[in-house]
Amino acid sequence: DCDLGALQLVNGSSMFEGRVEICYNNTWGTICDDNWSAYYYSNAYFGQGNGSIILDNVRCDGTEASLIQQCSHSLPLSHDCGHHDDVGVVCPSTRTFYNDFLFYFYYYAIDNCTHGSIRLVDGSYIGSGRLEICIDNEWGTVCDNGWTNLNAQVVCKQLGQNRLNTTRIWNAPFPGMIRLQGATFSSQGRVEIYCNGEWGCVSGTIRLVGGSNSMEGRVEVCINGAYGTVCDDSWDSDDATVVCRQLGHDTRGTALPNAYFGQGTGNIVMDDVQCTGTELFLVNCSHTSTSNCRHTEDAGVRCSSITTHINECLSNNGGCEQVCTNTNGSFYCSCIPGYELEGSIFCSEIDECEQGTDSCTQQCTNTDGSYYCSCNIGYNLGSDNYTCIDDDECSHSVFPCDHYCMNNEGSFDCGCMAGYTLSTNKISCHDINECDMGNSTCFHTCINTAGSYYCECNSGYYLSRNDDYTCFDINECHDNNGGCSETCRNTLGSHYCECSEGYQLVDTKNCEDINECYYNNGDCNQNCTNTIGSYQCSCFAGYSLYNNTYCIDYNECLQVDICSSRSHTDCRNTEGSFVCTCQTGYNLTGDNTCEDVNECLIENKCASDQYCENNEGSFKCLCYSGYQLSSNDYNCTDINECSQYNGGCQHNCINDIGSYHCTCNDGFTLSDDNFNCEGDCGLGALQLVNGSSMFEGRVEICYNNTWGTICDDNWSAHYRSNAYYGQGNGSIVLDDVRCDGTEALLILQCSHSNLLTHNCGHHDDVGVVCPSTRIYYNGFLNYYYYYYYAIDNCTHGSIRLVEGSSISSGRLEICIDNEWGTVCDNGWTNINAQVVCKQLGQNRLTLYQGGFFLSDASYDKGSGRIFLDNVQCTGAEDTLIHCSYSSVESSCEHHDDVSVFCFSENTTRIWNAPFPGMIRLQGATFSSQGRVEIYCNGEWGTLCNAGFDSLSASTLCRQLGYDNYYIYNHLELLKFLQHGDDDDDDDDDDEDEKRWLNKTAGDCGLGALQLVNGSSMFEGRVEICYNNTWGTICDDNWSNANAQVVCRQLGFSTIGAYYHSNAYYGQGNGSIILDDVRCDGTEASLILQCSHSNLLSHNCGHHEDVGVVCPSTHNCTHGSIRLVDGSYIGVGRLEICIDNEWGTVCDNGWTNLNAQVVCKQLGQNRLPLHQGGTFSGNAYYGKGSGRIFLDNLQCTGAEDTLIHCNYSSVESSCEHDDDVGVFCLIENLFVADTTRIWNAPFPGMIRLQGATFSSQGRVEVYCNGEWGTLCNAGFDSLRASTLCRQLGYDTYDTYNHLE
């Protein structure tokens, strides 16, 4: 078998020549030589063929890939030739087998090994496989090193497979593969696409079905992957012509209605088609997608250049059910009398009942050609057989009711006599028990009787003589004072006796005096004297009575002042007396005066290398020349020049008496400046070469462990260009360097060309002169080998961090007298850690004052001596040994060893693993909130809330790089809500928390609020969510400040909010969640920030359910605003009320400061992610209507309402296409119900991805329903700063460095 359009050469002397034959309808045929161009053979040069002559008048320009598809020719089988005109062709013998899809050619090609020929083997078809090449008559493979698709392009070109579609010989179709079906030529036909394992059609394509040839048939159109028919309503020749044109027939079409080519199946996808005749596709014509047709009305088409009038009625009566009438080029259907046309071909009987042409007053039933009337139950048909008359059931001989009957229109009702009520059967009557039904007016007891009732009173009461139902209390105190000796108190149904103050009842009626001194000494702490009805307290000598009950000592030092006249003398009170004492540094003399003590006369006050100087009341030890006093003011030590910036030494500083010198590590030599060391370098390290001192020279930078130079292109002021310090050698590493002067690292933070990319020579090597006061910030951090040397080089006062995961963290050790020892953690603060990091040279670009400390031997216990305790630094010291401290040998143990972690700019590059004491926030939507976790003993764990307070939260947030905290411990509140106060469920906390955090949008979120039973969304009974269920709140202690918090949390305005008590909006049901709520009105969350009783702990009933009224944004008052057409109340198109009319705002000149004021006015300005909210222009939330009131709005952010911002009034300069929208952001997602709306990200939301820490990574933005990246073109420091602020950070550090 052959493929349509395939070619072969026949009767030639080789495979490269012969008569041209082409495949058509699976059969080979010849081609006529008419109009053939150069380099061919005419007149049956290679012999006459047989079979059909397929093509004639073929014209190609030589660039085509397919003769039948791309060259022009007459219609297939249309010619004026004979086989004596069969054309032949001779191809060059170097043919590259372009026609390789013919199988016999392909098999020949892959076995014919000529030098340089190639083949693809072991693939699923001839166009794919392993590449093999013939070299010296031998096949071999090709290595993939450095391969690109350009190489593959040449392979396909050589194989000749880069032009035609090779899908025609694939063993199986692939997803997305397309084909053309149902036409004569392969270049035309119905488009089908392979998807989900089957061939389907492409929407808009058409086909003709049921015709005798491809030029006619029922029209079927592909819609949504399936073919359907077209209704013949309005179907005409213009519609048929468009169908023929779309199918590739350059002819007019004839419209054939009424399922001329048979009824189709499936959907009728088009109706009322009206084409102008010029359209290219039928779906472009006017039409409706819904139909009122049947398949008997399926439209057909005949494509023909000759107009032929057909009598459609001769064939199957034109499809008509009853009468068919032929017209010129068409026909129509009609019905016999008594029937009407339904659609275009079917007839149906006329239903008078349905059409309303009957005379029935109630029910109508259609019959064949007529109808009859009937009545509903309760009615009788009148004598005219049309009218229905009411039936009076009460007049029937059989009485239907127990007591009496009342006739109604079409029915009747039964009634009962007084004292009876109608039973459920609506006929029988039974007695009413007024007592059981609560209908009686009795105060106490109700006694039912037949048709009535009477009242009785309880004991101690009497029945009113006026109404026979009211009960009055009997006042026993009126008779003989109730038997009481003093006061009688009447109660409902009883009475009791009372005594005066100081007396007590000895029985239920008589009173006697109370001896208060007998009981607890009358509250006196010394003497108690009883009196009639009371008592008196008195004191011993030397004491005074306080508050009439308590005796306290008399302080003579406050009253006598006997010691104050003597200098340096203090008065000390004693029990009942006093003594005079001297202050420290003074002795008491015989005359009770104080004199100075000369401490310098006492032995061993100062060391042997010190001298003593007496002061008034004290003394001071001073050092001889050449020594300095240590921080404990007792020891003198040699001045160690190495302790200040390592003495300027690059590697090691050796202290000498009165001097010092520099040395280098192994493998390095001291340079001529006696400070720097020469040897291997670290990536990005810098050195100055060939200068007159260490402070100047040619700038060299380390790359691949080798020093290279930097080109002077684009260098700014105060530098030396043109190889001022001589030309270097090796590589030129950097070019086009641009810095603003604030950077800490040349290679990482300054912009520059790609490494080793330049247009310079060494005559352009740049040089630099630095001030000679340099403090060596570049220190050992640029040289890793120096660090490892530094931790072993013990000079007095030097420090190191050991056992950490990087050089910037570990247990702190200090060198004292050439010996390394640890430091005790007593009294440590992060200010001490700051000084440690400063001394180590790592205080640049810190997250929190240089670093933080870790106590309790976090980096394991050290060994040897513990040199320092109670270290207290101010933060201004340059070295740790300059801080105040105490010397310690025994009060601390090594489990108290302190550790330090220093934050530096490049810390992230050495945090391959978390470090002990590292913290993170987990389990929330945003990186600035979540469950606190800490890294300890090789794993992440949580933090117990015991003792965790606002100070702890503030410290933790600063360690993470934030200014302060907002809410702490709210997840612990969640645990309490789920487990109560039981600590035994700790193992389930994580799973419970995950379940809570992953709640679906249909559930209510913990602490969410709603208003119920109000007349609008802005008022109602306050309900709060707890355990996924709504409950109420008690009104005890409520205020309007509480109401403001409710309105704020719900996203409404807070100004003018107020509350209603006593179940104003009706009593709720379920649990009462909160009681004794107290807010100051500024809080963002009722449950988390306002004080209240424990959850579910209350003394209320639902009659005390509280309600709230929030200001309505729909209430149009001058200057009020609202957001409409958004997905929830915090987002939408902005509208403002001016003169009692709502209008929109133009987006000209808008900034997020304007959005901040909008959110503030709406009551949503608490805890914004980015200044309260963001704006969207160009009618992002749909175009508004009415007037546009404001334009060119400019807010500072400090305004409370939008109308207080600067703006211009506009009526014509803006259109509603410019309406501005606002999105109000609330960071505290656990507080309000916002999280239940953000189940998916919102347009314009940004995130950082692909890095270790949440504060860095690839920028991605949410747009059009998916996350995408941000192109770096035009991305600069201003945009980086804006992006970071939107994410909640103060500013940026580095942008685009991964690029």
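- Rounding to the nearest 0.5 Å places OG of Ser1091 at 10.5 Å from CG of Leu1074.
- Sorted by first and then second residue, the salt bridge (charged side-chain N to carboxylate O under 4.0 Å, His left out) pairs with a member in residues 1174-1183 read Lys1183-Asp1217; sequence neighbours excluded.
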With side chain to side chain contact (heavy atoms under 4.5 Å, CB included) as the criterion, how do Glu1260 and Leu1270 come out once you've worked through the C-alpha distance, each side chain's angles and the decisive distance to 0.1 Å? CA-CA 6 Å; Glu1260 294 185 357; Leu1270 203 64; over 6 Å; no

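- Scanning for side-chain hydrogen bond (donor to acceptor under 3.5 Å, both in side chains) contacts around Arg1133 gives Asp1125, Glu1135, with sequence neighbours left out.
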Stepwise side chain to side chain contact (heavy atoms under 4.5 Å, CB included) check, Val1145 with Tyr1207: CA-CA 10 Å; Val1145 179; Tyr1207 61 91; over 6 Å; no

Which side-chain N or O atoms in residues 1098-1105 pair as donor and acceptor under 3.5 Å with protein atoms at least two apart or in another chain?
from: His1098; atom 1: ND1; to: Cys1100; atom 2: N; distance (Å): 3.2
from: His1098; atom 1: ND1; to: Cys1100; atom 2: O; distance (Å): 3.3
from: His1102; atom 1: ND1; to: Thr1032; atom 2: OG1; distance (Å): 3.4
from: His1102; atom 1: ND1; to: Asp1105; atom 2: OD1; distance (Å): 3.3
from: His1102; atom 1: ND1; to: Asp1105; atom 2: OD2; distance (Å): 3.0
from: His1102; atom 1: NE2; to: Gly1070; atom 2: O; distance (Å): 2.9
from: Glu1104; atom 1: OE2; to: Gly1101; atom 2: N; distance (Å): 3.1
from: Asp1105; atom 1: OD1; to: Thr1032; atom 2: OG1; distance (Å): 2.9
from: Asp1105; atom 1: OD2; to: Gly1068; atom 2: N; distance (Å): 2.8

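- Nearest heavy-atom pair, Asp1075 versus Ser1097, reported as atom, atom and distance to 0.1 Å: CB-O, 3.8 Å.
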Tell me, with the steps shown, if Arg1122 and Trp1142 meet side chain to side chain contact (heavy atoms under 4.5 Å, CB included). CA-CA 9 Å; Arg1122 65 184 181 185; Trp1142 287 108; 3.2 Å; yes

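- Taking the side chain as every heavy atom from C-beta outward, Val1046 and Leu1086 approach each other to under 4.5 Å.
- In this structure the side chain of Asp1076 never reaches within 4.5 angstrom of the side chain of His1092, judged on heavy atoms.
- Taking the side chain to side chain contact (heavy atoms under 4.5 Å, CB included) definition, one finds that Thr424 meets it with nothing, sequence neighbours left out.
- Within the 3.5 Å criterion, the main-chain N or O of Ser1085 finds a donor-acceptor partner in the side chain of Gln1089.
- What you find for Val1157 and Cys1195 is that their closest heavy atoms are CG2-CB, 3.8 Å.
- Once rounded to the nearest 0.5 Å, the distance linking CG of Asn1192 with CG of Asn1148 reads 5.5 Å.
- In this structure Ser1039 satisfies the side-chain hydrogen bond (donor to acceptor under 3.5 Å, both in side chains) test together with Asn1042, sequence neighbours excluded.
- Considering only residues two or more places apart in sequence or on other chains, Tyr1064 meets the ring-ring contact (aromatic ring centres under 6.0 Å, His included) condition with His1060.
- Note that SG of Cys1159 is 8.0 Å distant from CD1 of Ile1121, once rounded to the nearest 0.5 Å.
- Between Phe1189 and Ile1136 the shortest heavy-atom distance is CD1-O, 3.8 Å.
- Glu1199 pairs by the salt bridge (Lys or Arg N to Asp or Glu O under 4.0 Å) definition with nothing, not counting sequence neighbours.
- You'll find the side chain of Phe1223 reaches within 4.5 Å of the side chain of Tyr1181, heavy atoms only.
- Side-chain contact between Asp1219 and Cys1146: absent, with no pair of heavy atoms (C-beta onward) separated by less than 4.5 Å.
- Side-chain contact between Tyr1059 and Val1109: absent, with no pair of heavy atoms (C-beta onward) separated by less than 4.5 Å.
- The two residues Phe853 and Ala833 make their nearest non-hydrogen contact at N-CB, 4.0 Å.
- With sequence neighbours excluded, the residues that form a side-chain hydrogen bond (donor to acceptor under 3.5 Å, both in side chains) with Gln1010 are Glu1023.
- Under the side chain to side chain contact (heavy atoms under 4.5 Å, CB included) criterion, Asp856 pairs with Asp825, sequence neighbours left out.
- Evaluation of the side chain to side chain contact (heavy atoms under 4.5 Å, CB included) rule for Asn1062 yields Asp1035 as partners, not counting sequence neighbours.
- Here the closest non-hydrogen pair linking Gln1194 and Cys1205 is O-CB, 3.6 Å.
- Here the side chain of Glu1266 pairs no donor or acceptor atom with the backbone of Cys1263 at under 3.5 angstrom.
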How far apart are the C-alpha atoms of Thr1029 and Asn1027, what are their side-chain angles, what is the distance that settles it, and do they pass the side chain to side chain donor-acceptor pair (under 3.5 Å) test? CA-CA 5 Å; Thr1029 304; Asn1027 273 348; over 6 Å; no

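- Residues satisfying the side-chain hydrogen bond (donor to acceptor under 3.5 Å, both in side chains) test with Tyr1065, not counting sequence neighbours, are Glu1019.
- Taking Leu1096 as the reference, Tyr1026, Ser1071, Ile1073 meet the side chain to side chain contact (heavy atoms under 4.5 Å, CB included) condition, with sequence neighbours excluded.
- Side-chain contact between Tyr1058 and Cys1110 is absent, with no heavy atoms from C-beta onward closer than 4.5 Å.
- To the nearest 0.5 angstrom, Leu1190 atom CG is 7.0 Å from Ile1203 atom CD1.
- Contact of the Val1108 side chain with the Trp1038 side chain is registered, since non-hydrogen atoms from C-beta on lie closer than 4.5 Å.
- Proximity of Asn1152 to Phe1175: side-chain heavy atoms (C-beta onward) are separated by under 4.5 Å at one or more points.
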Evaluate the side chain to side chain contact (heavy atoms under 4.5 Å, CB included) criterion for residues Leu1193 and Leu1202: first the C-alpha distance (whole Å), next the side-chain angles of each, then the deciding distance (0.1 Å), finally the verdict. CA-CA 9 Å; Leu1193 194 73; Leu1202 195 68; 3.4 Å; yes

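- Across all non-hydrogen atoms, the minimal contact from Ala1179 to His1216 is CB-O, 3.5 Å.
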